[in-house]
Amino acid sequence: MGDLVSASGLLRALAPELLLASGAMALLLTTVWHPQANIVGRAEGAERTSMMARFAMVLCLLVAIVVVIAWADGVAGTADQRIAGDGFRWAIDLVVLLGTAFALMLLDAEHARSAAYSPEVPVLMLLATCGMMMLAAARDLMFVFLGIELMSLAVYVLAGVNRRSARGAESAIKYFLLGAFSTGFLLYGMALIFGATGSTRLVDIGAWVAQGQGSSSAMFVVGLGLLIVGFAFKVAAAPFHLWTPDVYDGSPLPIAAYMAAVVKTAAFATFARVMIEAMSGASARWHPAVWWLAAITMVIGNVLALSQRNLVRMLAYSSIAHAGYLLVAIVSNSAAGISALVFYTVSYTLATMGAFAVLITINNGRDRAPTLSDLEGLWLVRPGLSVAMAVFFLAFLGMPLVGGMGFFAKWYVLQAALQGSAPQTTLAIVLVLSSVVSAAYYLTVISSMFMRPRADDSAVPPIGALTQGLIAFAAVALLIFGVYPTPIARLARVAMPSSLVAGAIPPVPVRSIPLSTASAKR
């Protein structure tokens, strides 16, 4: 009887993942029902890919509704605490599903221009998303490994899914080799931690560490170091970032957007849960390493982005810098840091998906990355598109008001760093200075759109309805939540791992930003 109750609890706790996986399998069977539809280039195959992408969007919406219901009903995790049922899991699930739906819209828009993708591509994206949701729910290192493998194997294929592109094949090979290498670090680190603590459950590891045994166990310290290296690869933290620009540049633009926003969100979610729930008591061991990772990542990402004219590589280095900002939230080792991380992922997902939607429109299905010259004079022919792109880049920069909620995203990370039990003042200064450096390349893009002439032979193709809706939604949402951040801030406050207390985002000082704060209070 106890086994039946345990199985029932597990099924209930994993209901969103099971629904998503079942829907993905149903779509996969549909794609192979008519073999001729899999031939890239045929009209029927092209239409089938678009149809699969739209069905996948609807499935993401249905799973998101299930997640909201589970969160509202207070669905708990499993009795043995291997699967979480807390607000942090549900909030990350919603961000991941939102990003996946946006990426599917981008795929549909890109496919309408290039007809380069087979119907299995949306299925692979759903399977990768299922792995990401597993990562958000995992409170056991074995579940963490399963989630990473399910996510990574699908994304490896997605990176090279355009079989017409030599760049895509190169991207997939680089991603696969370095991804497999980083997974080896993770798995070996997990094995050593299990050998030291006798368990793979985060709650058991946390209890063992709380007894003060972590400092005296060389096996545990080495395992922890390997675990951090593995996660650093996954989140593209310097100096483990070298794969990121090449992989993003060679991947199809929708997949690059998917990796930059959604994959990063899931990787940071599991990184934060492991470090906060299991390793918090051993922070003296991991804090210096993650501190330097954050500082180096912010500096290297922003400095290397300065010389880029390839916009995809620029956004790749920008994503590395943003990984550094999110590492600051983890370094704070607090509930405020977790809340700031959740808020930041919402802002970053909206800005990234919107920016890539503009690049897909400008690129018009070509098998090359758009460059800065492609955006020159965009204001003269597509004023709405240029304004939206400016909002996205100012959100990356963290500019008040015109940058929308991107400003509050960095503000909350700074608050978490400065108001913790051990204030990270130096790291906060590095964050501010590196953000100032980032203004050089973000504002260069904006000045190219508004202050340079448009080439006579570079017409901008029409924008599809879905792409236009995505760009408008992302830009408007960023601006609204930049003036009135309360709804997302409240969600972030309750999006806590079960081991932490809710209500973590500190209030915004009135004298610092009076207009935004006054709006938030209303």
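This one's a predicted model, so the numbers in the text were calculated from it and none came from an experiment. Just so it is clear, the values below take in all heavy atoms, side chains as well, and ignore hydrogens, waters and symmetry mates.
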[X] side chain to [Y] side chain, donor-acceptor N/O pair below 3.5 angstrom:
X	Y	answer
T345	K264	no
Y258	T129	yes
T371	N310	no

How are the rings of [X] and [Y] set relative to one another: parallel (under 30°), tilted (30 to 60°) or perpendicular (over 60°)?
X	Y	answer
Y325	Y344	tilted
F343	Y412	perpendicular
F396	Y442	parallel

Ignoring hydrogens and geometry, is there a side-chain-to-backbone donor-acceptor pair from [X] to [Y] under 3.5 Å?
X	Y	value
S182	G230	no
W286	M279	yes
T349	G99	no
T270	A266	no

Out of the candidates [options], only one should pair with [X] under the side-chain contact (heavy atoms from CB on, under 4.5 Å) rule; please name it.
X	options	result
M259	T244, T352, V155	V155
L202	D140, I276, L141, V144	L141
V312	S251, P370, P245	P370

Quiz prompt | Criterion ring pair (Phe, Tyr, Trp, His ring centres under 6.0 Å) on F233 and H241, from CA distance to verdict | solution = CA-CA 7 Å; F233 268 106; H241 67 287; over 10 Å; no
Practice problem: Apply the test side-chain contact (heavy atoms from CB on, under 4.5 Å) to residues M125 and I255: give CA-CA distance (whole Å), side-chain angles for both, the deciding distance (0.1 Å), then the verdict. | Solution: CA-CA 9 Å; M125 294 176 71; I255 305 306; 4.3 Å; yes
Between [Y] and [X], is the closest basic N to carboxylate O distance under 4.0 Å?
X	Y	result
E277	R89	no
R82	D204	no
K174	D246	yes

Practice problem: Dump the intermediate steps for side-chain contact (heavy atoms from CB on, under 4.5 Å) on R139 and I83, then the final yes or no. | Solution: CA-CA 5 Å; R139 297 188 72 193; I83 298 294; over 6 Å; no
Self-check item: Test item: E110 and P252 side chains (from C-beta on) under 4.5 Å apart, heavy atoms
Solution: no
Quiz prompt | Validation row: I92, M132 side chains within 4.5 angstrom (heavy atoms) | solution = no
Exercise. Please report the shortest heavy-atom distance between P254 and I360, naming the atom on each side.
Key: CG-CD1, 3.9 Å
Practice problem: Evaluate the criterion side-chain contact (heavy atoms from CB on, under 4.5 Å) for residue pair K410 and V413; output intermediate values, then yes/no. | Solution: CA-CA 5 Å; K410 287 188 178 178; V413 170; 5.6 Å; no
Quiz item: Step by step, would you call Q308 with L315 a side-chain contact (heavy atoms from CB on, under 4.5 Å)?
Solution: CA-CA 9 Å; Q308 301 300 318; L315 288 175; over 6 Å; no
Quiz item: What do you reckon, are the aromatic ring centroids of F181 and F185 less than 6.0 Å apart?
Solution: yes
